[in-house]
Novice: 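Handing you a structure now.
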Amino acid sequence: MGKSMKNLMRVALATTAFFAANLSIGFAADKLIIATEGAYPPFNSVTADGKVIGFDIDIANALCEHMKLECTIVTQDWDGIIPGLLAKKYDAIIASMSITEERRQKVAFTNPYYKAAMTFVAKKGSGIAEITADTLKGKTIGAQAGTTQADFMTAAFPDAELKTYPTQDEVNLDLVNGRLDFGVSDMLPMMDWVNNGKDGSCCELVGAAITEAKYAGEGAGIALRKEDIATLEALNKAIDAMRADGTYKVINDKYFKIDIFTMK
């Protein structure tokens with residue numbers, strides 16, 4: 001073997017070793033900053049002592065463990081969460097963000113890490129079985145600003161009065177206090193709120209689940225900058241690995257009675 005061939009072999013071996021060392025994450029970075037909202041229980045919320053908790057947080061930490069990354073989780077108000085990603089304040093968003101075509105114009109998404117549907121909520125005893133244009137005409141409906149629920153209300157029920165809020169907690173509070181006729185939000189957190197929350201015991205889900213892809217999206221995905229292809233691919237592999245090895249199920253069962261990845 002000539003000297004040039006030996007040099008080529010050394011380069012090849014070094015290259016193989018490099019990729020092997022980084023195979024688990026798919027790229028050379030060893031740190032990831034992840035943003036969440038912190039105001040969307042049981043998916044993400046902040047405790048009285050400042051700790052960020054919830055399904056999204058457990059998923060984020062498990063993904064980082066699978067990818068062997070050091071991760072930092074930060075909170076960001078919803079209306080600034082995509083601008084913050086594009087400004088490189090953090091590397092990814094894990095905040096139960098619905099995958100929609102409108103958002104795809106700005107960011108890239110992983111495959112869904114759970115499915116999504118939306119629902120209306122009203123005070124118990126409202127007598128509402130079906131949501132129609134007549135049902136909502138002249139009614140005041142609360143939704144979180146900048147969400148697909150707000151977009152849905154504007155497009156589907158223009159004769160209703162839409163009132164938007166910075167957080168879903170504020171929607172829920174005004175519903176409890178009688179300042180709203182209905183709230184509209186993602187189904188899973190509303191199921192948790194009415195079934196497990198002290199305040200939510202006042203209310204119930206009404207009407208059929210809203211699953212139209214234009215508004216409910218394809219599911220919740222992790223948002224990244226479009227150029228961060230390697231990070232996206234690594235996260236997709238980690239999601240698949242967590243489904244396969246049972247990690248996802250452990251986290252899912254901590255919060256929900258159904259598999260929210262399949263909604264079954």
Side-chain angles (χ1 to χ4, degrees), residues 25 29-98 107 110 113-114 116 121 142-147 149-150 164-177 183 185-186 188-203 220-225 228 231 235 238-239 242 247-248 250-256 260:
I25 60 173
D30 58 2
K31 295 182 180 180
L32 206 64
I33 301 175
I34 298 169
T36 196
E37 183 188 16
Y40 198 59
F43 291 92
N44 56 79
S45 59
V46 181
T47 64
D49 60 358
K51 185 179 179 181
V52 189
I53 61 171
F55 176 84
D56 286 330
I57 312 310
D58 289 356
I59 289 291
N61 286 327
L63 287 169
C64 291
E65 184 175 342
H66 273 70
M67 297 189 296
K68 296 181 172 56
L69 287 178
E70 178 185 337
C71 289
T72 301
I73 296 174
V74 299
T75 56
Q76 168 68 54
D77 290 344
W78 185 257
D79 59 359
I81 205 163
I82 287 180
L85 175 69
L86 299 179
K88 299 187 176 181
K89 290 173 60 178
Y90 31 81
D91 305 303
I93 298 170
I94 302 183
S96 291
M97 182 173 284
S98 296
V107 299
T110 62
Y113 64 99
Y114 73 84
V121 183
Q144 185 176 3
T147 62
Q149 293 85 27
T164 59
Y165 299 77
T167 69
Q168 185 62 41
D169 283 345
E170 291 169 87
V171 178
N172 297 349
L173 182 62
D174 267 10
L175 189 59
V176 171
N177 292 331
S185 183
D186 284 335
L188 288 167
M190 288 300 96
M191 287 176 65
D192 179 76
W193 183 61
V194 301
N195 291 325
N196 302 316
K198 181 179 178 181
D199 292 336
S201 62
C202 70
C203 302
I222 301 169
L224 304 102
R225 290 180 290 274
D228 293 338
T231 311
L235 283 164
I239 292 170
M242 287 170 54
T247 303
Y248 187 99
V250 171
I251 297 171
N252 181 98
D253 293 355
K254 177 180 174 181
Y255 296 94
F256 307 106
I260 67 170

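Small disclaimer: the values here were computed from a predicted structure and weren't measured.
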Novice: Answer yes or no: is there an ion pair linking Arg225 with Asp91, defined by an N-O contact shorter than 4.0 Å?
Specialist: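 Salt bridge flag = yes for Asp91 with Arg225.
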
Novice: Please find out if less than 6.0 Å separates the ring center of Phe256 from that of Tyr114.
Specialist: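 No, ring centres 6.0 Å or more apart.
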
Novice: Mind checking whether Tyr165 and Leu173 have side chains closer than 4.5 Å, heavy atoms only?
Specialist: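 Result no, sub-4.5 Å side-chain heavy-atom pair not found.
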
Novice: Would you check if Asp169 and Pro41 make a side-chain contact, meaning some heavy-atom pair closer than 4.5 Å?
Specialist: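 Side chain of Asp169 against side chain of Pro41, heavy atoms only: contact under 4.5 Å found.
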
Novice: Hey, are the side chains of Ile260 and Tyr255 touching, using non-hydrogen atoms and a 4.5 Å cut-off?
Specialist: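 Counting from C-beta outward, Ile260 and Tyr255 never come under 4.5 Å.
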
Novice: State the CG-CG distance between Leu86 and Leu224, to the nearest 0.5 angstrom.
Specialist: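 Rounded to the nearest 0.5 Å, the CG-CG separation comes to 11.0 Å.
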
Novice: Where the side chain of Gln144 meets the backbone of Pro166, is there a donor-acceptor pair that is under 3.5 Å apart?
Specialist: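 At least one qualifying donor-acceptor pair exists.
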
Novice: Of all the heavy-atom pairs spanning Ala95 and Tyr113, show the shortest one and how long it is.
Specialist: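 For Ala95 and Tyr113, the tightest heavy-atom pair comes out as N-OH, 3.8 Å.
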
Novice: Between Asp186 and Leu188, does the side-chain contact (heavy atoms from CB on, under 4.5 Å) criterion hold? Intermediate values first, please.
Specialist: CA-CA 6 Å; Asp186 284 335; Leu188 288 167; 5.8 Å; no

Novice: Below 4.5 Å, heavy atoms only, C-beta onward: do Ile81 and Met97 meet side chain to side chain?
Specialist: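 In contact.
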
Novice: So, for Val171 and Gly183, which heavy atoms are closest and what is the spacing to 0.1 Å?
Specialist: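 Reported closest heavy-atom pair: CG1-CA, 4.3 Å.
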
Novice: Return yes if some donor-acceptor pair links the side-chain N/O of Thr110 with the main-chain N/O of Ile222 below 3.5 Å, else return no.
Specialist: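 Flag set: sc Thr110 to bb Ile222 pair under 3.5 Å.
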
Novice: Calculate, to the nearest 0.5 Å, the distance between atoms SG and CG belonging to Cys202 and Asn177 respectively.
Specialist: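 Reported to 0.5 Å precision, the distance equals 9.0 Å.
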
Novice: Please report the shortest heavy-atom distance between Asp199 and Val176, naming the atom on each side.
Specialist: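 Heavy-atom minimum between the residues: O-CG2, 3.8 Å.
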
Novice: Apply the side-chain contact (heavy atoms from CB on, under 4.5 Å) test between Val52 and each candidate in Thr47, Val74, Ile57; give the one that qualifies.
Specialist: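 Among Thr47, Val74, Ile57, the one meeting side-chain contact (heavy atoms from CB on, under 4.5 Å) with Val52 is Ile57.
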
Novice: Step by step, work out the side-chain hydrogen bond (donor to acceptor under 3.5 Å, both in side chains) result for Glu37 and Gln168.
Specialist: CA-CA 11 Å; Glu37 183 188 16; Gln168 185 62 41; over 6 Å; no

Novice: Kindly say whether Ile94 contributes a backbone atom to a donor-acceptor pair with the side chain of Thr36 at under 3.5 angstrom?
Specialist: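 At least one qualifying donor-acceptor pair exists.
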
Novice: Please report the shortest heavy-atom distance between Ile73 and Ala60, naming the atom on each side.
Specialist: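 Scanning both residues completely, I find the closest heavy atoms to be CD1-CB, 4.0 Å.
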
Novice: Which atom names give the shortest non-hydrogen contact between Gly38 and Asn44, and what distance separates them?
Specialist: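 Looks like N-OD1, 2.6 Å.
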
Novice: Which value, rounded to the nearest 0.5 Å, describes the distance between His66 atom NE2 and Leu235 atom CG?
Specialist: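 CG of Leu235 is found 12.0 Å from NE2 of His66.
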
Novice: Within this structure, what is the SG-CG distance for the pair Cys71 and Asp30, rounded to the nearest 0.5 Å?
Specialist: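 Between Cys71 SG and Asp30 CG, I get 10.0 Å after rounding to 0.5 Å.
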
Novice: With rounding to the nearest 0.5 Å, note down the distance linking CG in Asn172 to OG in Ser185.
Specialist: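 It comes to 7.0 Å.
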
Novice: Measure from the side-chain N and O atoms of Asp56 to the backbone N and O of Ser96, and report whether any donor-acceptor pair falls under 3.5 Å.
Specialist: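 Confirmed, Asp56 side chain pairs with Ser96 backbone.
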
Novice: In Å, rounded to the nearest 0.5 Å, how long is the span from CD1 of Ile34 to OG1 of Thr75?
Specialist: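 Those atoms lie 13.5 Å apart.
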
Novice: After noting the C-alpha distance and the side-chain angles of Tyr40 and Phe55, does the key distance pass the ring pair (Phe, Tyr, Trp, His ring centres under 6.0 Å) rule?
Specialist: CA-CA 10 Å; Tyr40 198 59; Phe55 176 84; over 10 Å; no

Novice: State, to 0.1 Å, how close Thr164 and Ala150 come at their nearest heavy-atom pair, and which atoms those are.
Specialist: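 Shortest heavy-atom separation between Thr164 and Ala150 comes out as CG2-CB, 4.4 Å.
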
Novice: Looking only at atom types and distance, does a side-chain atom of Tyr90 sit under 3.5 Å from a main-chain N or O of Thr72, one as donor and one as acceptor?
Specialist: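 Not confirmed, Tyr90 side chain does not pair with Thr72 backbone.
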
Novice: Could you walk me through whether Met242 and Ile59 pass side-chain contact (heavy atoms from CB on, under 4.5 Å), step by step?
Specialist: CA-CA 9 Å; Met242 287 170 54; Ile59 289 291; 3.8 Å; yes

